[in-house]
Amino acid sequence: MQTEVSDMRGLTLRKPRGIFCGRTRKCSSSAKSRDDETANLAVRAALTGHQVISTLHAGSCKGVFERLLVMVPDHYAVISSVALV
């Protein structure tokens, strides 16, 4: 599924992903985690058993965790949801 985000139409990134992932247990989601909302959504989906493949700009593997820990307030959720960097 690919769609454009349009705040004017009320179509945010959360809405189509939530609908799609709600219908299938093994959802593979690919997106760029560039803000708090996207990062939180990816972490929550991973914690509920969905496969999430995402990109994140960081200078190192350690930097990935540093960025995620800044964007997602629940640090335990971040550590529990990341399987591969």
Side-chain angles (χ1 to χ4, degrees):
M1 176 177 81
Q2 183 174 351
T3 186
E4 284 188 37
V5 174
S6 172
D7 290 331
M8 246 173 45
R9 292 186 354 217
L11 184 59
T12 62
L13 185 62
R14 178 181 299 265
K15 194 169 193 169
R17 242 194 226 170
I19 292 168
F20 183 69
C21 289
R23 291 189 181 154
T24 175
R25 188 72 176 139
K26 289 287 185 181
C27 167
S28 179
S29 178
S30 176
K32 192 182 291 189
S33 295
R34 61 179 110 164
D35 59 14
D36 296 356
E37 181 182 7
T38 310
N40 276 296
L41 183 62
V43 167
R44 296 292 167 228
L47 287 174
T48 57
H50 296 92
Q51 178 185 9
V52 179
I53 301 168
S54 183
T55 60
L56 180 70
H57 294 282
S60 65
C61 289
K62 179 183 172 188
V64 170
F65 286 99
E66 290 170 348
R67 289 219 43 218
L68 280 173
L69 292 173
V70 167
M71 291 191 290
V72 180
D74 185 354
H75 294 174
Y76 181 75
V78 171
I79 302 304
S80 298
S81 64
V82 176
L84 180 68
V85 175

> L47, I79: one ILVMFWY side-chain cluster at the under-4.5 Å cut-off?
Replying inline: yes

> Would you call D74 and V43 a side-chain contact if the rule is heavy atoms closer than 4.5 Å?
Replying inline: no

> Which pair of heavy atoms, one from R67 and one from H57, lies closest together, and at what distance?
Replying inline: NH1-O, 2.7 Å

> Under a single-linkage definition using a 4.5 Å side-chain heavy-atom cutoff for Ile, Leu, Val, Met, Phe, Trp and Tyr, are V70 and V72 assigned to the same hydrophobic cluster?
Replying inline: no

> Once you round to the nearest 0.5 Å, how far does CG of L68 lie from CD of E66?
Replying inline: 10.5 Å

>> Tell me the closest heavy-atom pair linking A58 and G63, and the distance in Å.
In response: CB-C, 3.6 Å

>> A side-chain contact here means heavy atoms from C-beta on lying under 4.5 Å apart; do P73 and N40 qualify?
In response: yes

